[in-house]
Number of protein chains: 2
Amino acid sequence: MNKQTVTIYDVAREAEVSMATVSRVVNGNTNVKPSTREKVMKVIEKLDYRPNAVARGLASRRTTTVGVIIPDITNLYFSSFALGIDDIAAMYDYSIIMANADQGREEKVVTDILSRQVDGLVYLGHTMTDKIRHEVERTRTPIVLAGMIDPEGKMPSVHIDYESAVAEAVSRLFDQGIEDVAFISAPEYQVDDELGRFNGYKKALASHNKDLDSALCLTAENSRYRAAEEVGQELIDSKAQAAMIIGDELAAGVSNYVQDKGLKVPEDISIVSSNNSIITEIVRPQLTTIAPPLYDIGAVAMRILTKLMGDKSVEEEVIENKNILPYKIIVRDSTK
Amino acid sequence: MNKQTVTIYDVAREAEVSMATVSRVVNGNTNVKPSTREKVMKVIEKLDYRPNAVARGLASRRTTTVGVIIPDITNLYFSSFALGIDDIAAMYDYSIIMANADQGREEKVVTDILSRQVDGLVYLGHTMTDKIRHEVERTRTPIVLAGMIDPEGKMPSVHIDYESAVAEAVSRLFDQGIEDVAFISAPEYQVDDELGRFNGYKKALASHNKDLDSALCLTAENSRYRAAEEVGQELIDSKAQAAMIIGDELAAGVSNYVQDKGLKVPEDISIVSSNNSIITEIVRPQLTTIAPPLYDIGAVAMRILTKLMGDKSVEEEVIENKNILPYKIIVRDSTK
DNA sequence: CTGTTAGCGCTTTCAA
DNA sequence: TTGAAAGCGCTAACAG
C-alpha cells in the first residue's frame, strides 16, 4: 500500500557503492571510509531515503518493537505505567505496539502481538494464563510484568510490596483507635492476589488481634468511579468507621457517596486509597493513599526488558526476578 | 531474536502441498479444495504454526497496523480517544503502534512510525507541522485527525464544533445575568485555534455586545491539575464571576483553588469545563461542561481510516473531509 | 574498507 | 485447484 519508492538499492546505485555499504552507513557501522559515508549520506538526503523497518526486521530478526499489553488505557493507574514504559522505550529507540486487553481478550492480543515479532513484551494486568505463558515461551520472547507478579515466579516483574503497604495503611487506622476497617475492592482483589493486597489487610487484622469479618469485605463490580455507589451504601450500612479501598476512582466514588449521604470524612468514616493518581488530590477531602511509583514501575520494567533483549548474553547480567520498588504512604485529609 | 522455528515451508512439506497452498489456507482464500484445507489445517495445528506478520508485511506491502500519535497518554481526554480507536481497530484486526509525542517530538515519532510501514495513521494533538505533512504525503499514508483539524483542510478529521460549543456555554452564562466571564486555558487555546474554542468565546462576547477584555483571558502553563493554582488566583483577582475553562483537570483545579480561598462555586463564581471526563463528576461541585463524544470521535476516526486503507478504490466512497460530531452541554452544579 | 551472495518468511503472479 | 518461482527491502556472513 505504501508507495515506498526509494530503496537501499536506489541509493547504492546513485552513490556508486554496494547495498552493503549503504546499509553500513544507515546503521552507523564504523567500518566505512569517511568520504564514502559522506557521499552516501548526500545521496540519502537527496533521494529522501528512509529505511524500511519491516524489511529490516525480517532480515535481522529484530524489530526494535516491544509489545505492551494493557487492560485499560483510560485507567490512570495503567496509563501511568505506560508513560514510564514509553519514555524509556523512546530512549532506546524502541517502538511500542500497544494493545488494550479488556476482559478475556488478552490471549488473542498476545498471540497477535507475538506474530508481529516484537522483541519483547511488557505485560500489565491481573491474569497470566497458561495459554499466554505458553505462547510467550514458544516464541522465546523476553517479558517483564509490571504492577503484577508471576504466580509461578518464572517471569521477572516490577511492583511494590502491596502486602506491606496495605498492612501499614490499615494498621495506621487501627492505631488511631478505629475498631472496624472495611476492605473495598473489585472482585479480583478480594482473593489472595499475588501482590498481597488482601493479605496485607488480613495481616493488619492479625497484628491487632482482630478476626476477619466478611461483612467488612465489600466487593465492588469493578474499580471505576461509578461502581462506588452500591458498595458505598454497603459501607454505610456496615459498622466500619474506616475503609481501605483499592483503586483511586473507586475510593473517590465511595468518599463522595458517603458524603452525599451526610457522613463526614474522616470524622465519621476514614478513607484510604491505593494509587495516588491525580484523582486522590482532586477529590475533597484529598485522600490519604498508598503511593506506588507508577511511572517508575513502568520505566524500570522497560529498562529490564532492554537488558533481556540486549545482544550481550543475558547470563552476564544479574536480573532480579522480583523487582520491588519502594512505596510511600501519603497522609492527606481523608484520615485523622 | 525470536526463535520462530516453524515456517510456512515446514507446514507445506509436512502437508505435502506447496507454500502457496498453505498461504491460501492461512489467508482464507476460497480456492482450495476442502479436503486440502483440512489437511493443511491439521498440520498447522500439529506444528503450532503462527504466520510471521513481518514477513507477510514485507511480501504483501500491508502490515495491518496503524499508528496512533498521541500527545499524552495519561490525559483522559486523549486516552478516551485512544480507547475508541483501539476498539474499532481490534474489530478490523488492525494492531496499534502507539507513540506518545510530547513537546516537539512529534516529527521524529511520525517519521519512525512511518518507517514501520503502518497502513494508516490516526493523529491526535494540536500541531500539524509541514514536516509531518510532508512525511505523510511522501509515503502516501492515509491519515485521519481526531480532535483536531487540518489548517489546510486537506486531511480528513473528526471533531466537534468547539466554536459553537464554547459560544453556547458562555452565552448561557451571560444569559443568566453574569457580566464578566473569563476564558482560561493552556497557551495553545488562547489563540484562534482551528477548532475555534477561543473564537467561540469571542462569538459569545459579540452576540452579547461585550468587548474582548484581555484581563479576562487567563493563560495557564498547561492543562494539568497543578497548573490551576496560579491562574486560579488570577481569576480571583479579576472581576469575573464565571469562567469557561478548557481542560477538565485545569477546571477541577481552578474550582478547588477558588473554593480553598473561601469562594463559593457557583454562588461567587461559576465554572464551565470542556470535556466531560470522569473528573468533572468526581470534583465537587460537579462541573457543568461541554461533552464531546470522546470515545466516538476516536471510533469514527478509525472507521474512516479503515475505509481510506481499504482496497476498494477510495474514490467510490464518499469520505467527508470534516466529520463533525454532535456535542452536548451537561449542566451540573458548578453553574447556576 | 568494500562488495557479493544468500537468505529472512511470506505473497503473488503466472502457468498448468 | 495447485505449484513454481520471483521477489518484498534489507542484513549478515564471507571474501577480498
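What you see is a predicted model, and the numbers here were worked out from it, not measured in a lab. Below, read A as the first sequence line, B as the second, and so on, with proteins coming before strands; counting in each chain starts at 1.
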A:Val54 vs B:Pro34, nearer the 5' end of DNA chain D by closest nucleotide = B:Pro34
Under the salt bridge (Lys or Arg N to Asp or Glu O under 4.0 Å) rule, collect the residues that match up with B:Lys322, sequence neighbours excluded.
-> none
Between atom CG in A:Asn27 and atom C1' in D:dG9, what is the gap in whole Å?
-> 13 Å
Contacts of B:Glu16 meeting side-chain hydrogen bond (donor to acceptor under 3.5 Å, both in side chains) (sequence neighbours excluded), chain-then-number -> none
What string of B, S and - do you get for nucleotides 3-8 of chain D, 5' to 3', if B is base contact, S is sugar-phosphate-only contact and - is no contact with any protein heavy atom under 4.0 Å?
-> BB--BB
Measure from the side-chain N and O atoms of A:Asn29 to the backbone N and O of A:Arg24, and report whether any donor-acceptor pair falls under 3.5 Å.
-> no
Nearest of D:dT11, D:dT2, C:dT2 to any side-chain atom of B:Val32?
-> D:dT2
Whole angstrom is fine here: how far is it from CZ in B:Arg62 over to P in C:dC10?
-> 17 Å
Does OP1 or OP2 of C:dC10 have a side-chain N or O of B:Tyr49 closer than 4.0 Å?
-> yes
Donor-acceptor pair, B:Ser23 side chain versus B:Met19 backbone, under 3.5 Å?
-> no
Find the bend of the helix from C:dC1-D:dG16 to C:dA16-D:dT1 as the angle between its two terminal axes (five pairs each), to the nearest 10°.
-> 30°
What is the distance, rounded to the nearest whole Å, between atom CG of B:Asn29 and atom P of C:dT12?
-> 10 Å
Within less than 4.0 Å of OP1 or OP2 of D:dA12, is there a side-chain N or O belonging to A:Ser23?
-> no
May I ask you to decide if A:Lys154's main-chain N or O and A:Asn321's side chain share a donor-acceptor pair within less than 3.5 Å?
-> yes
With sequence neighbours excluded, what pairs up with A:Tyr77 under the side-chain hydrogen bond (donor to acceptor under 3.5 Å, both in side chains) test?
-> none
Does D:dT2 have OP1 or OP2 sitting under 4.0 Å from an N or O in the side chain of B:Asn31?
-> no
Only pairs at least two apart or in different chains count here, so list each side-chain hydrogen bond (donor to acceptor under 3.5 Å, both in side chains) that has a residue in residues 80-101 of chain A.
-> A:Arg62-A:Tyr94, A:Asp87-A:Tyr295, A:Ser95-B:Asp112, A:Ser95-B:Arg116
Does any N or O in the side chain of B:Asp119 come within less than 3.5 Å of the main-chain N or O of B:Thr63, such that one atom is a donor and the other an acceptor?
-> yes
